[in-house]
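Notes follow the structure.
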Amino acid sequence: MRTWQVERRRRTRHLIELGGLVVKAGIVDLTGDDRAMIYGALLWMADKLRSEERDKALALWVAKGKQAFEDN
């Protein structure tokens, strides 16, 4: 298999896993699969990570994510 094929498959798998997190969090059902809303929420999250509140947001989100993984 060629290097570009391996990289493409790796990227595809990564994107699928990230999409799975969106589904697992219930975002798709809660938004009625409204992609503009989901994208807007992700942009808001990115803005938070660029702000002075970055460290606080990271700590909160990491703790919630770890707890959710442990609960499931």
Side-chain angles (χ1 to χ4, degrees):
M1 190 175 301
R2 299 202 164 150
T3 303
W4 67 268
Q5 290 172 314
V6 171
E7 289 303 318
R8 183 175 177 207
R9 287 184 180 182
R10 183 177 294 135
R11 180 179 182 274
T12 299
R13 179 176 176 83
H14 182 73
L15 293 173
I16 290 168
E17 289 172 350
L18 291 174
L21 291 174
V22 173
V23 172
K24 185 172 183 142
I27 301 300
V28 175
D29 291 335
L30 291 168
T31 63
D33 200 10
D34 184 332
R35 292 168 191 208
M37 185 184 301
I38 294 169
Y39 186 44
L42 291 170
L43 291 172
W44 172 80
M45 199 167 108
D47 287 343
K48 277 282 194 204
L49 292 172
R50 290 186 195 101
S51 76
E52 294 176 3
E53 298 177 33
R54 175 186 173 82
D55 292 338
K56 183 178 177 182
L58 282 173
L60 174 67
W61 296 338
V62 165
K64 287 184 78 71
K66 284 182 179 180
Q67 186 63 51
F69 276 130
E70 289 174 8
D71 291 346
N72 288 319

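Predicted model, so just to flag it, every value in this text is computed and none were measured. Just the heavy atoms: all of them, side chains too, but no hydrogens, waters or symmetry mates, feed the values below.
Every pair passing salt bridge (charged side-chain N to carboxylate O under 4.0 Å, His left out) that includes a residue from residues 34-43 is listed here, sequence neighbours excluded: Asp33-Arg35. Counting only residues at least two apart or in different chains, side chain to side chain donor-acceptor pair (under 3.5 Å) contacts with residues 62-71 comprise Gln67-Asp71. Applying the salt bridge (charged side-chain N to carboxylate O under 4.0 Å, His left out) test to residues at least two apart or on different chains, the pairs with a partner in residues 36-47 are Asp47-Arg50.
Atoms CD1 and OG1, on Ile38 and Thr31 in that order, are 3.5 Å from each other to the nearest 0.5 Å. Note that CG of Leu60 and CG of Asp55 are 12.5 Å apart. Values are rounded to the nearest 0.5 Å. Note that the CD1 atom of Ile16 and the CZ atom of Arg11 stand 11.0 Å from one another [nearest 0.5 Å].
Here Leu49 pairs with Arg54, Leu58, Trp61 under the side chain to side chain contact (heavy atoms under 4.5 Å, CB included) rule; sequence neighbours left out. Checked against side chain to side chain contact (heavy atoms under 4.5 Å, CB included), Val6 has the following partners two or more places apart in sequence or in another chain: Met1, Arg10. Checked against salt bridge (Lys or Arg N to Asp or Glu O under 4.0 Å), Arg13 has the following partners two or more places apart in sequence or in another chain: Glu17. Here Lys48 pairs with Glu53 under the salt bridge (Lys or Arg N to Asp or Glu O under 4.0 Å) rule; sequence neighbours left out.
Through side-chain heavy atoms spaced under 4.5 Å, either directly or across other Ile, Leu, Val, Met, Phe, Trp or Tyr residues, Leu30 is tied to no other residue. Annotation for Tyr39: hydrophobic cluster partners, listed by chain and number, are Leu43 (ILVMFWY side-chain heavy atoms under 4.5 Å, direct or chained). Leu18 forms part of a hydrophobic cluster together with Leu21, Phe69, judged by ILVMFWY side-chain heavy-atom separations under 4.5 Å.
Hydrophobic clustering, with ILVMFWY side chains joined whenever heavy atoms are under 4.5 angstrom apart, keeps Met45 apart from Met37.
Within 6.0 Å of CD in Gln5 there are more than 12 heavy atoms belonging to other residues, nucleotides or ligands.
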